[in-house]
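See structure below.
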Protein chains: 2
Amino acid sequence: MARKTIKHVAERASVSIGTVSKVLNGDPTVKARLREQVLAACGELEYRPNQVAASLRRQHSKSIGILVPDVSNTFYAELVGLIEDCVTKSGYSTIITFGGENPEKMQGRIRSLMDRDVDGAIISPSFNGSELLIPENGNSFPIVVVDRISAQDSFPTVATDNVGATRAGTDYLLSIGHRNIAMVSNSPEIYNSFERIEGYKARMAEAGVEPDLVIVGMSEADAESGVTKLLQRSNPPSAIFTADHLITKGAVRSLQKNGVRMPHDISLLAFDDVDWLSLVEPGISAIRQPTGQLAETAWYQLQQVIQGNSNGNTKSRLPADLVVRGSTASATIKNLKATGTQ
Amino acid sequence: MARKTIKHVAERASVSIGTVSKVLNGDPTVKARLREQVLAACGELEYRPNQVAASLRRQHSKSIGILVPDVSNTFYAELVGLIEDCVTKSGYSTIITFGGENPEKMQGRIRSLMDRDVDGAIISPSFNGSELLIPENGNSFPIVVVDRISAQDSFPTVATDNVGATRAGTDYLLSIGHRNIAMVSNSPEIYNSFERIEGYKARMAEAGVEPDLVIVGMSEADAESGVTKLLQRSNPPSAIFTADHLITKGAVRSLQKNGVRMPHDISLLAFDDVDWLSLVEPGISAIRQPTGQLAETAWYQLQQVIQGNSNGNTKSRLPADLVVRGSTASATIKNLKATGTQ
DNA sequence: TAAAATTTATGAAACGTTTCATAAATATAG
DNA sequence: CTATATTTATGAAACGTTTCATAAATTTTA
């Protein structure tokens with residue numbers, strides 16, 4: 001059975017197409033009687049406006065794109081869900097897409113979004129230089145970057161206050177007596193990592209202790225072997241601060257394989273509070289990013305850009321929380337034990 | 001700067017609009033010289049065809065919808081990612097959407113998909129009776145149901161062989177000596193749960209031992225308290241089989257809080273092999289659903305329906321794997337220990 | 001080389017809406 | 001009751017493609 005069109009409705013309501021369109025769009029210049037006829041006809045015919053026709057004519061679609069690298073990453077999964085919530089509540093619909101870690105793929109996806117006349121997009125680019133994503137003639141396409149910002153983004157950005165978060169995390173570790181604190185991070189070429197490293201270094205410097213930075217590759221296995229090397233040093237750290245969720249996985253695996261116990265042998269503090277952190281024993285202390293606020297702010301900013309009342313480069317920074325669980329404990333315990341076993 | 005249209009290209013290539021369209025769609029009836037002119041013009045203008053105009057005219061969009069309850073569920077996150085992969089490789093694009101656990105919301109989403117002229121959808125409905133999702137006049141909208149099938153689906157379905165999987169899991173637990181095996185599941189009103197329970201019951205019956213079924217609510221907390229009650233019985237089971245990922249979470253939490261150790265005090269076998277199962281200690285044995293095959297098969301089936309060469313109710317069942325880790329062990333160990341401590 | 005057959009290019013209609021200028025209907029004023 | 005102002009409804013154009021009937025160009029045949 002072919003789809004019903006506005007034409008059928010018009011016929012059935014004995015009214016012009018234009019009138020139908022008006023009532024459907026809430027135009028007040030149509031009299032009650034006709035309005036009712038039209039509404040009745042719509043109901044009887046189960047009419048639903050064809051959005052692609054409407055988009056074509058209007059030149060916008062009341063929908064936005066959401067582009068993240070990969071939804072099997074818990075952080076993005078949560079973020080995407082929350083953004084979708086906000087957006088849908090405003091009567092927009094969403095087209096969610098994954099860009100992976102590959103610039104071309106990402107570029108392809110974002111263009112395909114534009115080709116669908118979405119009104120804008122919230123993106124987490126998987127690499128720096130997000131402006132390169134947009135074709136020359138699409139300068140004015142509304143975009144806000146969330147989470148994966150870079151130093152020179154020319155779009156509004158919304159991100160966690162990475163520096164503040166790792167500074168606070170480091171501060172916490174220092175405050176419970178640790179001095180020998182290693183941070184395990186991805187390459188600082190990833191701007192998030194860069195910032196997280198900065199916060200850590202800054203606080204370490206203030207405390208007058210040497211930073212101990214271990215850079216690892218992008219895979220869980222890289223993180224695991226990096227941490228293993230750390231543990232095998234003659235003087236391993238008393239605390240490890242992992243800079244993201246994947247690294248935390250690798251670290252936990254390494255600790256397990258090497259029979260190193262938290263928090264007695266070593267304290268572990270994770271960046272990104274994903275679900276399983278509270279399921280291992282002991283629970284792992286973590287920096288929790290404000291995902292909900294990230295989502296809300298990103299959508300708010302995008303709306304500003306779409307409506308044209310944005311200077312186009314607002315930079316939002318949202319504060320993170322520290323969640324203390326059992327994996328971090330006073331350094332003395334560890335030291336006692338360490339001395340005992342050495 | 002306004003978007004370039006096919007008209008601009010035609011002008012620049014000194015050629016008609018129709019010709020441009022032809023070369024863009026690979027029509028062979030256009031001579032090499034013109035083809036090159038057109039291609040050149042496209043390049044120079046950075047032309048990208050407007051998909052909404054194309055969709056409107058063609059009456060299909062070379063895109064499909066993917067609808068799952070919620071991507072913060074690891075299983076769906078993985079599934080969605082894999083489906084997107086397959087689909088994109090075939091030159092289709094995807095619109096991903098979340099239906100939540102609410103029928104109306106879900107219905108809204110699927111209609112919005114239809115309103116966008118997607119050519120079909122792969123859905124995991126969050127409740128039974130998926131045919132109710134489709135409006136009367138949309139009978140012929142191509143749909144395949146993945147994972148969340150129900151008894152009376154009138155669409156092609158693709159799912160894990162739940163019965164076989166829990167049968168195999170139960171068999172494994174029996175084979176290592178357990179007789180007192182409890183299954184903790186959601187209500188059998190969820191068809192997946194129903195099937196998983198069936199497999200368990202069938203194998204238990206074959207072995208001539210009493211099944212021990214605990215039905216819990218849909219939340220992690222429900223699962224946790226269900227398991228806690230189980231543990232507090234005077235004669236608790238020697239093995240627990242959790243029927244999905246959320247229940248497993250609740251179970252692990254309950255075991256932890258009650259100081260019950262795996263596998264010595266109790267063996268745990270989980271349905272759904274999510275990432276953290278290998279990060280807790282000991283690693284949790286699990287039934288691993290064939291997500292990759294689920295994705296591929298669903299897309300294959302949907303293509304069949306779209307192309308009209310499907311009878312419309314193929315039911316695919318894919319076998320699951322058993323992954324043995326440290327949480328399950330021979331019942332004797334537990335029994336020894338149990339007797340010792342009682 | 002003219003006519004017929006074939007290949008290749010064109011222009012206009014169509015997809016289902018929204019929008020805008022204008023026609024029709026109704027209300028207000030003189 | 002006519003003329004004018006105002007409100008409400010209409011019809012056609014437009015959005016950017018694809019497609020199809022036909023025109024133009026080219027090739028083949030006689």
Side-chain angles (χ1 to χ4, degrees), chain A residues 1-39 41-42 45-63 111-112 114-119 137-138, chain B residues 1-39 41-42 45-63 111-112 114-119 137-138:
Chain A
M1 196 183 325
R3 253 307 272 277
K4 296 285 182 280
T5 79
I6 202 175
K7 218 174 210 161
H8 299 123
V9 176
E11 231 162 67
R12 174 139 193 155
S14 334
V15 110
S16 78
I17 286 183
T19 304
V20 177
S21 177
K22 275 180 167 181
V23 349
L24 259 25
N25 292 292
D27 186 316
T29 85
V30 39
K31 283 236 197 118
R33 220 172 64 83
L34 288 200
R35 176 184 309 284
E36 274 159 31
Q37 284 177 35
V38 168
L39 259 18
C42 286
L45 298 175
E46 291 200 36
Y47 170 71
R48 309 207 82 221
N50 177 325
Q51 294 305 333
V52 358
S55 297
L56 176 59
R57 172 59 230 225
R58 280 203 238 103
Q59 298 291 70
H60 65 257
S61 54
K62 270 260 180 190
S63 74
R111 303 216 166 163
S112 132
M114 295 175 66
D115 295 345
R116 273 170 202 297
D117 275 7
V118 298
D119 300 346
N137 58 21
Chain B
M1 196 183 327
R3 241 339 250 277
K4 296 284 181 282
T5 78
I6 202 175
K7 220 174 207 161
H8 299 124
V9 176
E11 232 162 67
R12 175 141 190 153
S14 332
V15 110
S16 77
I17 286 184
T19 304
V20 176
S21 177
K22 276 179 169 181
V23 348
L24 259 26
N25 292 292
D27 186 317
T29 86
V30 38
K31 281 233 197 124
R33 220 171 66 82
L34 287 202
R35 176 184 308 283
E36 275 159 31
Q37 285 176 36
V38 169
L39 259 17
C42 286
L45 298 175
E46 292 200 34
Y47 169 71
R48 309 207 82 222
N50 178 324
Q51 294 304 332
V52 357
S55 296
L56 176 58
R57 174 58 231 226
R58 279 203 237 104
Q59 298 291 72
H60 65 257
S61 55
K62 268 262 178 188
S63 74
R111 301 214 168 163
S112 134
M114 295 176 65
D115 295 344
R116 274 168 201 298
D117 274 8
V118 298
D119 300 347
N137 59 20

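Every chain is numbered from 1 and lettered A, B, ... according to where its sequence line falls, protein lines coming before strand lines. Owing to the predicted nature of the structure, the values given are computational and were not obtained by experimental measurement.
- If you check every strand for non-hydrogen atoms under 4.0 Å, A/Thr19 touches a base.
- The backbone N or O of A/Gln59 sits nowhere less than 3.5 Å from a side-chain atom of A/Asp117 that would complete a donor-acceptor pair.
- Side-chain atoms of B/Arg58 lie closest to D/dT18 of the nucleotides D/dT17, D/dT10, D/dT18.
- B/Lys22 comes within 4.0 angstrom of a base, heavy atoms only.
- Here the C1' atom of nucleotide D/dG16 and the CZ atom of B/Arg3 are 10 Å apart, to the nearest Å.
- Summarising the geometry, the separation between CD1 on A/Ile17 and C1' on C/dC15 is reported as 12 Å, rounded to the nearest angstrom.
- Using a distance-only test at 3.5 Å, with no hydrogens or angles considered, a donor-acceptor pair links the side chain of B/Asp27 to the main chain of B/Thr29.
- Between A/Lys4 atom NZ and C/dT17 atom C1' the separation is 17 Å, expressed in whole Å.
- End-to-end axis angle of the helix from C/dT1-D/dA30 to C/dG30-D/dC1, from C1' rotation axes over five pairs per end: 50° (rounded to 10 degrees).
- Here the nucleotide nearest the side chain of A/Leu34, chosen from C/dA9, D/dA9, D/dT18, is D/dA9.
- When the P atom of D/dG16 is taken as reference, atom NE2 of B/His8 falls 8 Å away, rounded to whole Å.
- The CG atom of B/Leu24 sits 12 Å away from the C1' atom of D/dG16 (whole-angstrom rounding).
- Remark: P of C/dT8 and CG of B/Asp27 are 10 Å apart, rounded to the nearest angstrom.
- When rounded to the nearest whole Å, the span between NZ of A/Lys31 and P of C/dA25 equals 12 Å.
- The A/Arg57 side chain lies nearest to C/dT19 when the options are C/dT10, D/dG16, C/dT19.
- For B/Gln59, the listed nucleotide lying nearest its side chain is C/dC15; candidates were D/dG11, D/dT18, C/dC15.
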